[in-house]
Amino acid sequence: MGPRKSSSGIELASLSRVKKTSIVTQACIVGGGPAGMMAGLLLARAGVEVVVLEKHKDFFRDFRGDTVHPATLELLHELGMLQEFLKRPHQELRKLDVQFGTEVTTICDFSHLPTHCRFMAIMPQWDFLDLIAQEAKKYGRFQLIMEANVTQLIIENKKVLGVKAIIPSGLLDVRAELTLGTDGRHSIVRSCAKLPIYDIGAPIDVLWMQISRRSSDREQPLARFNYGSGLATITRGTYYQCGLLIKKGGLAEIKKKGLPALRRKIVQIAPSFRDRIGELKSWDDIKHLSVEINRLRQWWRPGLLCIGDAAHAMGPQGGIGINLAIQDAVAVANMLAKPLRSGLVTTKHLRSVQKRREFPTRFYQGLQRILQKRVFDKAFENSGKPSPPWSFRLFQTFPILQRIPARIIWMGARPEHIH
């Protein structure tokens with residue numbers, strides 16, 4: 001029998017010989033995604049000592065949420081970061097178009113929003129996170145540790161007192177008044193805390209890929225539905241980030257048919273890509289995202305709180321996930337900064353955060369289920385060229401209705417503001 005190993009694959013017998021480091025802080029944040037980085041920035045800004053642990057060596061990971069909603073842009077304005085954000089390469093969508101068959105329907109008009117930015121921005125998430133990190137590092141109370149792979153929680157007398165992690169130089173213990181789990185839908189924090197999950201389920205997956213963009217290209221609709229499938233198209237400078245919607249668990253069947261069949265399927269949906277679809281040379285060029293929609297029944301336990309995808313995994317519809325996570329982070333800073341400074345965070349405080357943020361979570365997950373049934377499922381059932389649903393036709397007949405999705409979906413249910 002060989003040496004016993006930890007969950008990270010490192011031999012436990014060797015851990016006693018590596019360097020151990022201990023940090024004591026007020027807030028330990030596990031995960032350097034949108035929720036974690038924004039919570040770190042806002043708490044440090046509010047006078048709280050913060051350590052953020054990110055398991056990767058940088059933020060550069062493709063096929064992550066790029067959509068920055070007007071509500072999030074308004075938060076950046078409140079923080080004085082909006083102009084710096086707008087200096088970075090991004091795309092501004094002042095309306096959203098969806099194509100069914102050959103018909104293009106405008107479903108959302110941002111021009112009437114009561115905000116400083118009447119558009120939705122598309123920015124690669126690594127650029128957005130880098131912007132937040134640069135701002136956070138202005139505060140001496142903020143510390144970001146990259147390549148910190150959290151392996152377990154520190155629990156004493158049923159209270160979470162921090163985490164244990166593996167870093168390049170050895171082992172790291174971070175003890176804190178509050179541990180925030182912001183490490184995504186596959187959260188190690190959530191798993192270690194054994195918090196119960198309510199799985200809503202999602203009948204779709206997404207295949208992400210890159211297809212080159214040319215200066216002669218016309219503006220692409222955000223999504224197309226054609227021939228029993230759908231294709232999302234996000235502009236990123238010299239290329240498009242494309243997401244092909246497939247049925248849950250359908251990847252094996254698609255691979256069985258072969259890559260040429262997949263290329264033909266994409267061209268069927270988006271004929272304008274015919275002259276460049278050959279850029280997809282192997283399955284390595286295609287990344288599979290298993291879509292999940294779920295939420296924790298309880299987001300907390302003494303000393304611990306989960307937010308963002310760690311508390312509620314969202315589907316891709318509407319690009320809601322990143323923005324909901326940032327709203328969670330703002331609520332955390334607004335409600336917990338004072339108790340953290342005094343070292344008196346109670347379960348009552350943690351329950352209050354869940355109570356405030358659970359309504360928008362339930363609202364958006366319910367909305368995503370409606371969109372799934374009334375739009376995606378019907379598009380999958382139609383093997384030819386579908387027509388827009390009657391509800392979408394109303395947006396064309398009465399353009400004033402295009403303001404409603406802009407307010408409800410992209411401004412947010414119960415939007416937060418910086419205190």
Side-chain angles (χ1 to χ4, degrees), residues 18-57 59 129 132-184 187-190 192-193 299-308 310-311 325-326 328-350 353 419:
V18 299
K19 181 181 177 182
K20 294 183 180 180
T21 305
S22 296
I23 297 175
V24 178
T25 187
Q26 290 172 312
C28 173
I29 300 176
V30 181
M37 292 304 297
M38 184 60 76
L41 164 61
L42 295 178
L43 287 173
R45 181 176 176 269
V48 177
E49 291 183 356
V50 180
V51 173
V52 179
L53 305 176
E54 167 54 43
K55 69 178 180 179
H56 296 94
K57 64 180 180 179
F59 297 126
L129 293 176
I132 299 174
Q134 284 190 14
E135 182 68 18
K137 288 174 183 176
K138 295 178 182 178
Y139 299 92
R141 301 177 184 89
F142 176 88
Q143 184 177 3
L144 172 62
I145 302 176
M146 307 298 286
E147 295 185 87
N149 185 21
V150 171
T151 57
Q152 64 185 88
L153 300 176
I154 300 172
I155 302 175
E156 295 178 8
N157 298 322
K158 298 183 179 181
K159 181 180 180 181
V160 176
L161 299 180
V163 300
K164 292 181 178 291
I166 298 173
I167 56 177
S169 61
L171 302 180
L172 173 67
D173 284 7
V174 181
R175 289 181 172 259
E177 174 69 18
L178 175 67
T179 299
L180 271 179
T182 63
D183 48 340
S187 169
I188 184 67
V189 170
R190 178 170 78 178
C192 290
W299 298 15
W300 57 272
R301 59 178 292 181
L304 170 72
L305 176 67
C306 289
I307 60 172
I326 288 172
D328 287 354
V330 176
V332 165
N334 287 343
M335 301 173 73
L336 301 185
K338 185 176 180 180
L340 277 168
R341 287 196 303 267
S342 61
L344 297 173
V345 177
T346 66
T347 55
K348 182 179 178 180
H349 292 119
L350 305 181
V353 175
H419 287 184

Please lay out, stage by stage, how V48 and L178 fare under the test side chain to side chain contact (heavy atoms under 4.5 Å, CB included). CA-CA 11 Å; V48 177; L178 175 67; over 6 Å; no
Could you pull out the closest heavy-atom pair between C192 and T151, with the gap in Å? SG-O, 4.0 Å
Work out which heavy atom in A329 is nearest to a heavy atom in A39; give both atom names and the distance. CB-N, 3.6 Å
Residues in side chain to side chain donor-acceptor pair (under 3.5 Å) with S187, at least two apart? D183
Is there a side-chain contact between L350 and L304 in this structure, where contact means two heavy atoms from C-beta onward sitting under 4.5 Å apart? no
Going by ring pair (Phe, Tyr, Trp, His ring centres under 6.0 Å), name the residues that satisfy it together with W300, two or more places apart in sequence or in a different chain. none
Flag the pair I132 / M38 as yes when at least one side-chain heavy-atom distance between them is below 4.5 Å, and no otherwise. yes
Side chain proximity check, I23 to D173, heavy atoms < 4.5 angstrom: no
Heavy-atom closest pair (A176 atom, C28 atom, distance to 0.1 Å) is CB-N, 3.6 Å
Out of curiosity, L171 CG to I166 CD1, how far, rounded to the nearest 0.5 Å? 6.5 Å
Is the shortest side-chain heavy-atom distance between L53 and V51 below 4.5 Å? yes
Among pairs that include at least one residue of residues 21-46, which meet side chain to side chain donor-acceptor pair (under 3.5 Å), considering only residues two or more places apart or in two chains? none
Compare every heavy atom of V52 with every heavy atom of G36, then report the nearest pair and how far apart it is. O-CG2, 4.3 Å
Using the side-chain contact (heavy atoms from CB on, under 4.5 Å) criterion, which residues pair with Q152? Sequence neighbours excluded. K164
What side-chain donor-acceptor pairs closer than 3.5 Å can you find for residues 342-349, not counting sequence neighbours?
from, atom 1, to, atom 2, distance (Å)
S342, OG, K338, O, 3.3
S342, OG, P339, O, 3.0
T346, OG1, K348, N, 3.3
T346, OG1, H349, N, 3.4
T346, OG1, H349, ND1, 3.1
H349, ND1, T346, N, 3.0

Which pairs would a plain distance check flag for residues 138-148, meaning a side-chain donor or acceptor within less than 3.5 Å of a matching protein atom at least two apart in sequence or in another chain?
from, atom 1, to, atom 2, distance (Å)
K138, NZ, E135, OE1, 2.9

For a quick test of reading the model, state the closest non-hydrogen atom pair linking L43 to A27 and the distance between them. CD1-CB, 4.2 Å
In short, G31 meets T182 closest at the heavy-atom pair O-OG1, 2.9 Å
What donor-acceptor contacts under 3.5 angstrom involve side-chain atoms of residues 153-162, with partners at least two apart or in another chain?
from, atom 1, to, atom 2, distance (Å)
E156, OE2, R175, NH1, 3.3
E156, OE2, R175, NH2, 3.1

side-chain contact (heavy atoms from CB on, under 4.5 Å) partners for A46, two or more places apart: A337, R341
Student check: side-chain heavy atoms of V163 and I188 closer than 4.5 Å: no
How many angstroms lie between CD1 in I167 and CG in N149, if you round to the nearest 0.5 Å? 11.0 Å
